[in-house]
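In what follows, chains carry the letters A, B, and so on, assigned in the order in which the sequence lines appear, proteins first and then strands, with residues in each chain numbered from 1. Values below: all heavy atoms of this structure, side chains included; hydrogens, waters and symmetry mates excluded.
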There are 2 protein chains.
Amino acid sequence: MLTKSSTELVRQRNSVLVLAALRRHGALAHTEISDSTKLSSATISAITADLEKAQIIEKSEQQATTGRGRPRVLFRQRRDCGYLVVVIISSDGVQYSLVDYSGRLIDRFSEERSHDPAGAERFVASIREGLSRILARSKLPQEKVLLISISSKGLVHPTEPALVWSPIFGSKQIDFGSVLRPDWQAKIILGNETQLVAAALGAHEENTRPAEFRSLAALSLGHSVGLGIVRRTGQGEREISAPNFGHMLHMANGGLCRCGSKGCIEAYAGFYAILRMAFEVPLDTIPAKFVPVAELDKIAAQARQGHRMSAFAFRQAGVALGNGLSRMLSLTERMPIAITGPGTRYYDLLRQGVEEGLGQAHVVRMEGMPEIRVVPDEPNLVFEGHLDRALSVIDQDIVMSGIQGAD
Amino acid sequence: MLTKSSTELVRQRNSVLVLAALRRHGALAHTEISDSTKLSSATISAITADLEKAQIIEKSEQQATTGRGRPRVLFRQRRDCGYLVVVIISSDGVQYSLVDYSGRLIDRFSEERSHDPAGAERFVASIREGLSRILARSKLPQEKVLLISISSKGLVHPTEPALVWSPIFGSKQIDFGSVLRPDWQAKIILGNETQLVAAALGAHEENTRPAEFRSLAALSLGHSVGLGIVRRTGQGEREISAPNFGHMLHMANGGLCRCGSKGCIEAYAGFYAILRMAFEVPLDTIPAKFVPVAELDKIAAQARQGHRMSAFAFRQAGVALGNGLSRMLSLTERMPIAITGPGTRYYDLLRQGVEEGLGQAHVVRMEGMPEIRVVPDEPNLVFEGHLDRALSVIDQDIVMSGIQGAD
DNA sequence: CTAAATTTCTCGACTGTCGAGAAAATAATT
DNA sequence: AATTATTTTCTCGACAGTCGAGAAATTTAG
């Protein structure tokens, strides 16, 4: 059921457009905003006047006097308009970042994380503390924090900020919304880590070649395996999703996975699975909780020196990934695949298997191999993805909430 | 990149809303449209006046005098506003239907279809003839046909009306757009058959329980295996997609499929595959082009009487379907699955395998079995799906093209 | 024949976008 | 120093659209 349109909605959408242009290009002059959004100069005047009165944007002081004519006056976001807290949960710690409305990092610290799988309550308590701490350090009033953007590996709920399944806590559901809402009036959003990598790569694609970009998948290789998909919708927005790729069935009755099921992709392509295969441990062995990267580096070195079983382990992992990707491509459309995460350092060993696994599917035989890029610096992409998503949510919310001028 | 909004766009969207209400509920009075769309009475007056002037809707003559007060005047679509041709390509023939703007069937006939796989050119020629014929029979001027909506099994191009892969013609691409555009000024759209089944079921769901409906998958079982997915987008529209499910990889290096690849789902769950398995023919045997349903009925009867290999063949087919569905669910979200097509008559034999196949995946163990419904009357659903999709496309196009009053 | 009820239509207020041109502010030129 | 060209920003009136309120229309009930 579509919902009705009104003139006020038009203003909202166009205001978001103006804010998005400012996000993409930095400080812009009146005429530049007009060019970028295709809105008329008069409309830009009206919208910027509103946004300025509401203290969301401000006129920039320094006007780089360019040639003759009346000098431009640049608009930019007011940094103090609101703040964003980014919480990145990784396997060995939690990183808290405070970011202002313009996207500038203000404060950041990390905390160790206990690996006690039973400590879900303690874990969320530590997150609450971490959030209080970053707020206290900033000396900002709490209501200035407009959004808390959390990411983790695992399966996130499609609508609520809740972790449905995670590598550490399993099916013990963690609902950040209900935990944080008593303390915080900020909106809380949760994203899968690889989903945010996809968001960042998608934003980048759309900036560099806006005409071509349709969709893209990010595949993160590490202790666990994650997939994020970003695609452009009919309305021109980017939609990101985080399938349960690591635990998609690779092979019925296959190797035992950390999740308790058999035959998941991760049970062949996760770090622990490669280790298990290389050491010829039976596939129904309960997997190691955690594998030091050094361990895997050693196996990789052996594989590169011709050790059969080590090379085979990587190859099998590649096949599992390739098969899984082929299934993803069967269900969606042809799209480039960006491989990221610590596992990229073994991509030389995985590649052949990936291509073999992809090549076994009808789609790939028909449409050809998808473009595969290796993009190693995952942590940066995760943070960029947070910013991309969170700041546009903030822009939306600010505009939706109705713009009132301050006295 | 989002595009700017304007007041004219508001009118367009709201006009579409009015036409959609008329589609859903039939002839409606001024006040009823207002209730249904939440638009104010004044706006309804303005929009209906425009649409009436443009000869798209008309005031209905018969006013069912209900109680006292000024009698209602009902609006309805003008049947002669435009026409739609529905072309349903099935394995044994092509059905042509002429439908008026209100969705009423005016004329219909079917033609036999040659099974010559080399005859792609002859086939498209026969479609051109069929279209000419249905137009000639109607004695309508050609420009009154606003849309030609074609459906087939196989893989359709995401944006163009072109068949990328089909069971009969394989990878020989058939571009209906380039073939028909010289003759017809009508817009041409192509849909996968199961995609349209999903569209019809989705429309039905949204009519019966509009609040709950999020997404739904239709699985069509027959000589080939098709999947259609319908889901509601953020804007409240329904989006339909047709993945290449039948040729998604079920098992690496598995049975030989009609498509030439190995291990496709269809190579286990297509009719020919069940036959092959039941007769213990080697799995690398080149599959039969066509299996009479009577043949499969015989095997089903044997299976029901306890014949081991026949029962096993159906079970294996079920497992392939279940595994595939579990993979689909891993990549999307939990959704009900409607099973349709001639294969539904064997669902008693398939069920156990389907559930076994589904149960092997982590998603299903975590979220539970998806709801599975058996919906046998596929042909009706396909036609309904055509109407649902095509008429709303026509409504869109009419409104977009700018509404001018007739002299 | 009048009053009540119900629906449709119309008017003025409001919000929004747009094009054109005025106003502002600087650099180049005389 | 004054003038002119140039460029940008701002403002005004026209136009498109929605909405609420109430007028007009038209039927039934009493």
Roughly how many Å is it from [atom1] in [X] to [atom2] in [N], rounded to a whole number?
X: B/Ile44; N: C/dT10; atom1: CD1; atom2: C1'; answer: 15 Å
X: B/Leu17; N: D/dG17; atom1: CG; atom2: P; answer: 15 Å
X: A/Arg68; N: D/dA5; atom1: CZ; atom2: C1'; answer: 5 Å
X: A/Glu8; N: C/dC14; atom1: CD; atom2: P; answer: 13 Å
X: A/Leu28; N: D/dT9; atom1: CG; atom2: C1'; answer: 15 Å
X: A/Arg72; N: C/dA27; atom1: CZ; atom2: P; answer: 15 Å
X: A/Ile33; N: D/dT9; atom1: CD1; atom2: C1'; answer: 12 Å
X: A/Gln12; N: D/dT18; atom1: CD; atom2: P; answer: 16 Å

Tell me whether [X] contacts the main-chain N or O of [Y] through its side chain, where contact means a donor paired with an acceptor under 3.5 Å.
X: A/His386; Y: A/Leu196; result: no
X: B/Thr48; Y: B/Ile44; result: yes
X: A/Ser34; Y: A/His30; result: no
X: A/Lys144; Y: A/Gly82; result: no
X: B/Ser36; Y: B/Glu32; result: no

Problem - Pairwise 5' ranking along DNA chain D for B/Leu9 and A/Glu32, keeping only the more 5' one - result: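 Result: A/Glu32.
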Exercise for the section: With axes from five pairs an end, tell me the bend angle of the helix from C/dC1-D/dG30 to C/dT30-D/dA1, nearest 10°. Expected result: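 About 30° separates the two local helix axes.
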Exercise for the section: Just compare C/dT8, D/dC10, C/dC9 and give me whichever is closest to any side-chain atom of B/Lys59. Expected result: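 The answer is C/dC9.
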Problem - pair B/Leu391-B/Leu147: side-chain heavy atoms closer than 4.5 Å - result: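 Side chain of B/Leu391 against side chain of B/Leu147, heavy atoms only: no contact under 4.5 Å found.
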Practice task
With the side chain counted from C-beta on, respond yes when B/Arg79 and B/Arg104 share a heavy-atom pair under 4.5 Å apart, and no when they do not.
Solution key: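 Counting from C-beta outward, B/Arg79 and B/Arg104 do come under 4.5 Å.
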Practice task
Determine the sole option in B/Glu333, B/Glu206, B/Glu237, B/Glu212 for which the salt bridge (Lys or Arg N to Asp or Glu O under 4.0 Å) test with B/Arg232 is passed.
Solution key: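 That would be B/Glu206; it is the only one of B/Glu333, B/Glu206, B/Glu237, B/Glu212 passing the salt bridge (Lys or Arg N to Asp or Glu O under 4.0 Å) with B/Arg232.
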Do any N or O atoms of the protein come closer than 3.5 Å to N or O atoms of nucleotides 17-24 of chain C, and which pairs are they?
| from | atom 1 | to | atom 2 | distance (Å) |
| --- | --- | --- | --- | --- |
| C/dT17 | OP1 | A/Asn14 | ND2 | 2.8 |
| C/dT17 | OP2 | A/Arg11 | NE | 3.1 |
| C/dT17 | OP2 | A/Arg11 | NH2 | 2.8 |
| C/dC18 | OP1 | B/Lys4 | NZ | 2.8 |
| C/dC18 | OP2 | A/Ser40 | N | 3.1 |
| C/dC18 | OP2 | A/Ser40 | OG | 3.4 |
| C/dC18 | OP2 | A/Thr43 | OG1 | 2.9 |
| C/dA24 | O4' | A/Arg70 | NH1 | 3.3 |

Practice task
Could you verify whether a donor N or O on one side chain and an acceptor N or O on the other, from B/Asp395 and B/Tyr101, lie under 3.5 Å apart?
Solution key: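 Yes, a side-chain donor-acceptor pair sits under 3.5 Å.
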